[in-house]
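These numbers come from the heavy atoms of this one structure, side chains and all, not from hydrogens, waters or symmetry mates. Throughout, numbering of the chain's residues begins at 1 and tracks the sequence.
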Amino acid sequence: MKVMVLGAGVIGMSSAWYLAQDGHEVTVVDRQSGPGLEASFANAGEISPSYSAPWANPSVIKKAIGWMLAKHGPFRLYPQLDLAQWRWLWKMLLNCNTRAYERNLQRMQRLAVYSRDCFIEMRRQTGWRYDDRQQGTLLFFRDPDGLQSVNADLDVLRSFGVRVDVLDAAGCVRVEPGLASVRERIAGALHMPDDETGDCLMFCDLLHERLKTMGVKFRFGTAIDGLQRDGDRISGIRTAQGTLSADATVLALGSWSPLLTRPLGIDLPVYPVKGYSLTVPVKDEARAPQSSIVDEDYKVALTRLGSRIRVAGTAEVGGYDSSLRQGRLDTIVYVLNDLFPGGFEREQMTFWTGMRPMTPDGTPIVGRSPLRDLYLNTGHGTFGWTMALGSGRVLADLIGGRAPAIDVDGLEFSRYQAE
């Protein structure tokens, strides 16, 4: 078929990869000048099935209030005169119970673990390197109570084949020697040795170059103005350069996806949650992270990408405002300096912010839409990099009329239609 993929982030590029392998005539459309230049540009760099869990959980409401009051709290809410924001928040609150959390966790784990396996297979096929490492994630806690609170998740993680080791402070230093000078601040940790790390933008560039050789066309610098509907089909994709058409359309525009579907009568519950990151060169190898470390108290991830450190965190619910707020930048700088003082080139930090496309239940929307020829691949939140290849493979299977390798129950948009 002729397939139009809207969005050239890692989700759209991964979709194009599998669709092209299946022999479809694929065109990728994006407003930016190249691939991976929005939410994929400078994310945390983690491919972490072990950390793929919904934000909506029974304890998050109480925690969120404390986070908003704390100077370096990881969450900020900026109320908007926007019905979509309040509907999204209400639906998230409805998922803050044990039953919903366990259901959503299992859905996310299913896709995340499958996606990690797809990464392993892709590297075997291509030999690609993208400042990637396969050295796991260290999720550490400064508060002993925090470590105890995740015990209930361990059985679910292990049921999906995720290896998890519980470590004390000394064990943390064995895994990440650069933490030796701050071991007294560590109450304990979970180590997930099968997680991976890598530069998402570099990966998108590799995909771009390979896809061009496979005949995939790219229309960069093309803003998408809207979708035209004719009954139960998409009759055209309106752009500043004219109207495009295809046999099937894949919507992979992240936080901007619902802006295109609402005029069609499809209300995607996806809302932008802004995150921040900094990237800085390593100065002292002995005082720098080796893989990925998550400071659970501040919800900040520190990831090694080649000769650089990427530090990412903060969740702002405040619409599409892309400004860099100094207070949020101060938090990620604080955590980096607190854990790895002297390990980085302080004067060479670069900062970035991007919009994570979040669903209220944390699970992305991957699969069919109410329209016969419109497919959805959006709403991955903080786990777009983790779930990218698995989501692309599932979507290509559905478009090709094949049964995906994993159960897609709870991944498609129909879960919201049933509400």
Side-chain angles (χ1 to χ4, degrees), residues 8-10 31-48 51 67-68 70-78 130-131 178 197-205 254-256 271-284 287-289 291-358 380-386:
V10 71
R31 65 183 179 181
Q32 297 291 346
S33 60
L37 296 181
E38 298 212 20
S40 301
F41 182 77
N43 62 25
E46 297 177 306
I47 300 172
S48 53
Y51 200 55
W67 288 335
M68 286 191 288
K71 177 181 178 181
H72 292 304
F75 176 71
R76 291 291 187 272
L77 171 63
Y78 298 103
Y130 36 93
D131 276 349
T197 54
D199 188 315
C200 187
L201 176 61
M202 191 180 297
F203 182 79
C204 287
D205 288 336
S255 297
W256 284 265
Y271 198 78
V273 177
K274 187 166 70 173
Y276 292 77
S277 77
L278 70 82
T279 307
V280 64
V282 172
K283 179 179 181 180
D284 184 346
R287 291 188 286 176
S291 186
S292 179
I293 300 170
V294 178
D295 186 332
E296 182 63 13
D297 291 70
Y298 292 101
K299 301 289 185 182
V300 170
L302 306 95
T303 303
R304 183 65 175 271
L305 298 174
S307 60
R308 300 163 295 149
I309 303 170
R310 173 74 48 75
V311 187
T314 298
E316 282 187 5
V317 180
Y320 292 85
D321 173 20
S322 61
S323 62
L324 289 165
R325 297 179 188 268
Q326 189 59 48
R328 303 299 90 218
L329 298 177
D330 290 345
T331 295
I332 57 176
V333 172
Y334 168 78
V335 173
L336 172 62
N337 191 58
D338 187 52
L339 297 179
F340 296 102
F344 57 96
E345 296 286 357
R346 183 178 299 273
E347 303 304 318
Q348 298 183 41
M349 289 188 288
T350 58
F351 298 95
W352 172 86
T353 185
M355 302 293 177
R356 309 179 185 105
M358 296 285 296
H380 296 76
T382 56
F383 303 108
W385 185 207
T386 295

Row check, Phe383 ring normal vs Arg356 NZ/CZ: under 6.0 Å, within 45°: no

Worked check of side-chain contact (heavy atoms from CB on, under 4.5 Å) between Met349 and Val333: CA-CA 9 Å; Met349 289 188 288; Val333 172; 4.2 Å; yes

Any Tyr78 side-chain heavy atom under 4.5 Å of Val317 side chain: no

Lys/Arg-Asp/Glu bridge criterion (N-O < 4.0 Å) met for Asp330, Lys71: no

Non-hydrogen side-chain atoms of Val282 and Phe344 separated by less than 4.5 Å: no

Working for side chain to side chain donor-acceptor pair (under 3.5 Å), residues Ser291 and Arg304: CA-CA 5 Å; Ser291 186; Arg304 183 65 175 271; over 6 Å; no

Tyr271 side chain to Gly319 backbone, donor-acceptor under 3.5 Å: yes

Heavy-atom check, side chain of Tyr51 versus side chain of Val294, under 4.5 Å: yes

Minimum side-chain heavy-atom gap Thr314-Pro74 below 4.5 Å: no

Minimum side-chain heavy-atom gap Pro272-Met358 below 4.5 Å: no

Shortest non-hydrogen contact from Trp67 toward Arg76: O-NH1, 2.9 Å

Contacts of Asp297 that satisfy salt bridge (Lys or Arg N to Asp or Glu O under 4.0 Å) - sequence neighbours left out: none

Exercise answer: donor-acceptor pairs, residues 33-41 side-chain atoms, under 3.5 Å, sequence neighbours excluded:
unit_1: Glu38; atom_1: OE1; unit_2: Arg31; atom_2: NH2; d: 3.1
unit_1: Glu38; atom_1: OE2; unit_2: Arg31; atom_2: NE; d: 2.8
unit_1: Glu38; atom_1: OE2; unit_2: Arg31; atom_2: NH2; d: 3.2
unit_1: Glu38; atom_1: OE2; unit_2: Gln32; atom_2: NE2; d: 2.9
unit_1: Ser40; atom_1: OG; unit_2: Val10; atom_2: N; d: 2.9

side-chain contact (heavy atoms from CB on, under 4.5 Å) assessment of Trp352 paired with Thr279: CA-CA 8 Å; Trp352 172 86; Thr279 307; over 6 Å; no

Thr303 versus Ser292, closest heavy-atom pair with distance: OG1-OG, 3.5 Å

Heavy-atom side-chain proximity of Leu201 to Asn43 below 4.5 angstrom: no

Among Glu316, Met68, Lys299, side-chain contact (heavy atoms from CB on, under 4.5 Å) partner for Phe75: Met68

Close side-chain approach of Leu329 to Leu278, heavy-atom, < 4.5 Å: no

Within 6.0 Å of CD in Gln326, more than 12 heavy atoms from elsewhere: yes

Side chain proximity check, Ile309 to Phe340, heavy atoms < 4.5 angstrom: no

Value rounded to 0.5 Å, distance of CD1 in Ile332 from CG in Asn337: 12.5 Å

